[in-house]
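Numbered from 1 within each chain, the chains take letters A, B, ... in sequence-line order.
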Protein chains: 2
Amino acid sequence: MNDKSRTPYLILGLLAEGPCSGYDIRRITLSRFRFFWSESFGQIYPCLKKLERRGLIAASGKSGRGKVAWEITPDGRRAFAAWLKLEAPPETARYESILKFYFSWAMSKEDRDRLLSSFRGRQEASLKELESFREELRRIPDPHGNHDIALATIDLGIATYRAWRDWAGARLDSPARDQR
Amino acid sequence: MNDKSRTPYLILGLLAEGPCSGYDIRRITLSRFRFFWSESFGQIYPCLKKLERRGLIAASGKSGRGKVAWEITPDGRRAFAAWLKLEAPPETARYESILKFYFSWAMSKEDRDRLLSSFRGRQEASLKELESFREELRRIPDPHGNHDIALATIDLGIATYRAWRDWAGARLDSPARDQR
DNA sequence: CGGCGCATGTAACTTGTTACATGATTCC
DNA sequence: GGAATCATGTAACAAGTTACATGCGCCG
């Protein structure tokens with residue numbers, strides 16, 4: 001495991017919490033992980049096969065439909081723990097809508113407002129989704145004692161979505177004033 | 001210009017504000033754009049050549065050292081404006097340190113605190129950098145009247161860095177309590 | 001029994017990074 | 001004159017997306 005893709009570790013980490021299918025992993029990255037992670041099927045499925053070949057995960061029978069439940073092996077846990085200790089490299093980001101906002105001096109006021117308002121709407125929707133997931137998580141039992149950390153992660157997402165929504169809101173409500 | 005890379009538009013947009021070299025573009029993405037954009041030399045230089053071949057930009061002589069000053073052409077402005085009008089596709093993100101925090105139930109408390117504290121330090125440093133750039137921008141003249149929008153963009157970065165720094169700070173100062 | 005969503009898979013492609021090379025200029 | 005930084009460039013590679021194909025099971 002000396003390549004640079006993080007996909008294997010995302011998978012190992014999720015499986016370390018409990019069995020999962022490739023489809024489950026995809027759904028997780030699309031919902032509660034969305035503000036900090038993404039994966040496509042084209043990454044997930046080949047990576048699952050590769051991890052299996054290396055003995056880091058194993059298929060533990062099929063559940064409903066064609067769904068495969070994957071489990072982490074002791075070797076997998078070791079590989080995961082080793083990665084977890086490493087310092088993460090500097091982060092990079094690409095938010096096209098922020099880039100467009102930066103360039104929005106070249107737009108009409110209407111187009112800029114449309115951009116802002118659609119931005120605000122997306123943050124608002126993501127916020128609602130995370131907030132309701134947070135409530136759900138708070139209610140269900142916590143067998144492994146890791147809910148506090150999951151909740152803390154979600155709180156970071158909530159804080160981010162709120163800050164972004166409010167930022168857009170302020171530009172829409174009083175666009176001429178200089179807010180901080 | 002029917003491919004999916006946004007690099008050409010970043011370049012066109014920056015050149016639309018004034019002449020720039022490839023190195024300048026890189027520096028901009030490394031500093032004030034860092035919270036929402038990144039580019040590597042391996043993308044920038046080939047892309048500049050391609051944009052020149054297509055007549056969207058032109059080299060306007062050399063300045064100090066071997067530095068090439070690039071300018072946008074009328075065709076370039078049109079291509080830029082056309083892209084700007086399009087709705088941006090859904091955003092994806094990858095923050096390895098947040099992923100690691102999510103998985104930090106598998107860490108010792110010391111390792112988790114180290115992670116949080118290094119995270120906080122990076123947000124703090126980025127925040128300071130953006131704040132001082134903001135002050136600098138406020139002081140210099142604004143010939144094209146687009147400083148307000150640049151400042152607004154920077155404010156989003158500042159809000160993000162603050163929220164992230166404070167989130168990490170709260171987890172470090174009173175890790176047992178349930179903050180919002 | 002038709003359509004939708006679940007679920008897996010993969011091939012072709014694009015995008016982006018890394019590592020390297022080169023040379024000029026500034027500063028000590 | 002040597003080191004650091006500025007500045008450009010590219011080849012090899014890795015990573016990630018897209019578009020497709022397949023089939024099952026559930027629901028109306």
Ring pair (Phe, Tyr, Trp, His ring centres under 6.0 Å) filter on B:Tyr23, not counting sequence neighbours, yields B:Phe41
Sequence neighbours excluded, the answer for ring pair (Phe, Tyr, Trp, His ring centres under 6.0 Å) partners of A:Tyr102 is B:Phe33
Under the side-chain contact (heavy atoms from CB on, under 4.5 Å) test, which residues partner [X], sequence neighbours left out?
X	answer
B:Ser31	B:Glu129
A:Pro90	none
A:Ala59	A:Glu52, A:Val68, A:Trp70
B:Asp75	B:Leu56, B:Thr73, B:Arg78

| request: Determine the interplanar angle of the B:Trp83 and B:Tyr9 rings, folded into 0 to 90°, and report it as parallel if under 30°, tilted if 30 to 60°, perpendicular if over 60°. | output: parallel
Starting from [atom2] on [N], measure out to [atom1] on [X] and report it in whole angstrom.
X	N	atom1	atom2	result
B:Lys49	D:dT10	NZ	P	7 Å
A:Asp3	D:dA12	CG	P	21 Å
B:Ile25	D:dG9	CD1	P	12 Å
A:Trp37	D:dA15	CH2	P	12 Å
A:Lys4	C:dT17	NZ	P	12 Å
B:Arg26	D:dT8	CZ	P	13 Å
B:Glu52	D:dG9	CD	C1'	14 Å
A:Lys67	D:dC26	NZ	P	12 Å

Applying side-chain hydrogen bond (donor to acceptor under 3.5 Å, both in side chains), name anything that partners [X], two or more places apart in sequence or on another chain.
X	result
B:Asn146	none
A:Trp164	B:Thr160
B:Arg77	none

Nearest-nucleotide check on DNA chain D, B:Thr92 vs B:Trp70; residue mapping nearer the 5' end is B:Trp70
Any A:Ser5 side-chain N or O less than 4.0 Å from OP1/OP2 of D:dG16: yes
Residues of residues 38-46 of chain A with a heavy atom under 4.0 Å from any atom of DNA chain C, listed by number, are A:Phe41, A:Gly42, A:Tyr45, A:Pro46
Expected list for residues 15-23 of chain B near DNA chain C, using heavy atoms below 4.0 Å, is none
task = Evaluate the criterion side chain to side chain donor-acceptor pair (under 3.5 Å) for residue pair B:Glu39 and B:Thr29; output intermediate values, then yes/no.
result = CA-CA 6 Å; B:Glu39 290 290 349; B:Thr29 60; over 6 Å; no
Quick note, B:Thr7 side chain, CB onward, closest among D:dA7, C:dT8, C:dG16 is C:dG16
Out of D:dA7, C:dA19, D:dT8, minimum distance to the side chain of B:Val68 belongs to D:dT8
Looking at B:Arg171 and B:Asp113, is any side-chain nitrogen of the basic one under 4.0 Å from a carboxylate oxygen of the acidic one? no
Taking five pairs at each terminus, the helix from C:dC1-D:dG28 to C:dC28-D:dG1 shows an axis bend, to 10°, of 40°
Open item on the list: For a quick check of understanding: with a heavy-atom distance under 4.0 Å over all strands, which category does B:Arg94 fall into, base, sugar-phosphate or nothing?
Closed with: sugar-phosphate
